[in-house]
Amino acid sequence: MRKPVFILATLLMASCAVPQPAPDAFNNAEEAIDAAVAAGAEEHSPVELRFAREKLAEARKGMEVRQYDKSIVLIEQSEINSELAIEKTRAALMRAKVAELMRENEILREDLESTYGEDF
């Protein structure tokens with residue numbers, strides 16, 4: 001009778017053990033932040049970049065106090081914030097490109113109207 005209780009208790013304790021983050025998890029998050037910076041996130045999406053850096057710093061603190069599960073989640077959130085910063089930067093750059101092209105089109109339209117009149 002004691003054997004099933006012992007096995008159950010052992011299984012329960014083993015299921016509660018949280019593995020440490022992969023050794024390269026911090027490197028991956030740092031690389032994601034570096035990629036966001038390289039994409040221009042400091043200018044175009046500074047809030048998301050700051051969140052990514054804060055989450056990574058919190059994950060390191062979690063590792064110091066052996067809160068591995070929390071650290072794993074924070075590392076993932078850091079990477080997600082970095083990806084969001086990259087995408088928001090790309091969107092901002094594309095909006096700027098569209099705005100520039102619209103300005104160029106307006107200049108061309110004005111040139112055509114001045115040359116051929118409004119009914120060109």
Side-chain angles (χ1 to χ4, degrees):
M1 182 101 171
R2 287 187 162 184
K3 194 171 188 177
V5 172
F6 177 74
I7 292 173
L8 182 60
T10 304
L11 288 174
L12 184 60
M13 290 177 65
S15 68
C16 293
V18 177
Q20 288 186 333
D24 62 344
F26 284 98
N27 293 339
N28 292 343
E30 288 171 359
E31 288 172 6
I33 290 171
D34 291 342
V37 169
E42 289 179 313
E43 180 181 347
H44 298 287
S45 53
V47 173
E48 290 75 13
L49 184 59
R50 180 174 49 88
F51 286 163
R53 288 176 172 152
E54 288 173 356
K55 296 294 183 183
L56 189 57
E58 287 180 49
R60 284 196 170 95
K61 289 178 185 174
M63 289 294 292
E64 291 174 6
V65 294
R66 298 179 184 227
Q67 292 179 338
Y68 302 129
D69 55 342
K70 179 180 177 183
S71 293
I72 291 169
V73 170
L74 289 167
I75 290 168
E76 291 171 355
Q77 289 176 350
S78 175
E79 290 177 10
I80 290 168
N81 281 314
S82 295
E83 292 172 18
L84 179 58
I86 290 170
E87 293 306 319
K88 286 185 85 170
T89 298
R90 286 181 182 157
L93 294 172
M94 291 306 284
R95 280 192 302 274
K97 179 81 172 173
V98 167
E100 177 61 27
L101 290 172
M102 289 176 69
R103 281 191 294 276
E104 289 176 12
N105 282 345
E106 186 60 31
I107 291 169
L108 289 172
R109 183 176 299 118
E110 289 171 2
D111 287 346
L112 286 170
E113 286 177 358
S114 68
T115 303
Y116 299 106
E118 291 185 26
D119 296 328
F120 70 93

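Position 1 is the first residue of the sequence; numbering continues from there. Predicted, not measured: the structure shown is a model, and the values here were computed from it.
Between the CG atom in Leu56 and the CD1 atom in Ile75 there is a gap of 7.0 Å [rounded to 0.5 Å]. Residue Met102 holds its CE atom at 13.5 Å from CZ of Arg95, rounded to the nearest 0.5 Å. Taken to the nearest 0.5 Å, the NZ atom of Lys70 stands 6.0 Å off from the CD atom of Glu58. The CD atom of Glu110 lies 8.5 Å from the OG atom of Ser114; values are rounded to the nearest 0.5 Å. Taking CD of Glu43 as the start and CG of Leu93 as the end, the distance is 8.0 Å to the nearest 0.5 Å.
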* Under the salt bridge (Lys or Arg N to Asp or Glu O under 4.0 Å) criterion, do Arg103 and Glu100 qualify, and how do the steps go? -> CA-CA 5 Å; Arg103 281 191 294 276; Glu100 177 61 27; 2.8 Å; yes
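A salt bridge links Arg90 with Glu87: the distance from a Lys NZ or Arg NE/NH1/NH2 to an Asp or Glu carboxylate oxygen falls below 4.0 Å.
Taking each heavy atom of Thr89 and Ser45 in turn, the nearest pair found is OG1-OG, 3.1 Å.
Inter-residue side-chain proximity for Ile107 and Asp111 is flagged as met; some heavy-atom pair is nearer than 4.5 Å. Side-chain contact check for Leu49 versus Lys88: every heavy-atom pair is 4.5 Å or farther apart.
Open room surrounds CZ on Arg66; 12 or fewer heavy atoms of other groups in view lie less than 6.0 Å from it.
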N/O donor-acceptor pairs under 3.5 Å from side chains in residues 78-86, not counting sequence neighbours:
from, atom 1, to, atom 2, distance (Å)
Ser78, OG, Ala52, O, 2.8
Asn81, ND2, Gln77, O, 3.1
Ser82, OG, Ser78, O, 3.1

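Residues Phe26 and Ile33 fall within the same hydrophobic cluster, defined by Ile, Leu, Val, Met, Phe, Trp and Tyr side chains chained together at heavy-atom separations under 4.5 Å.
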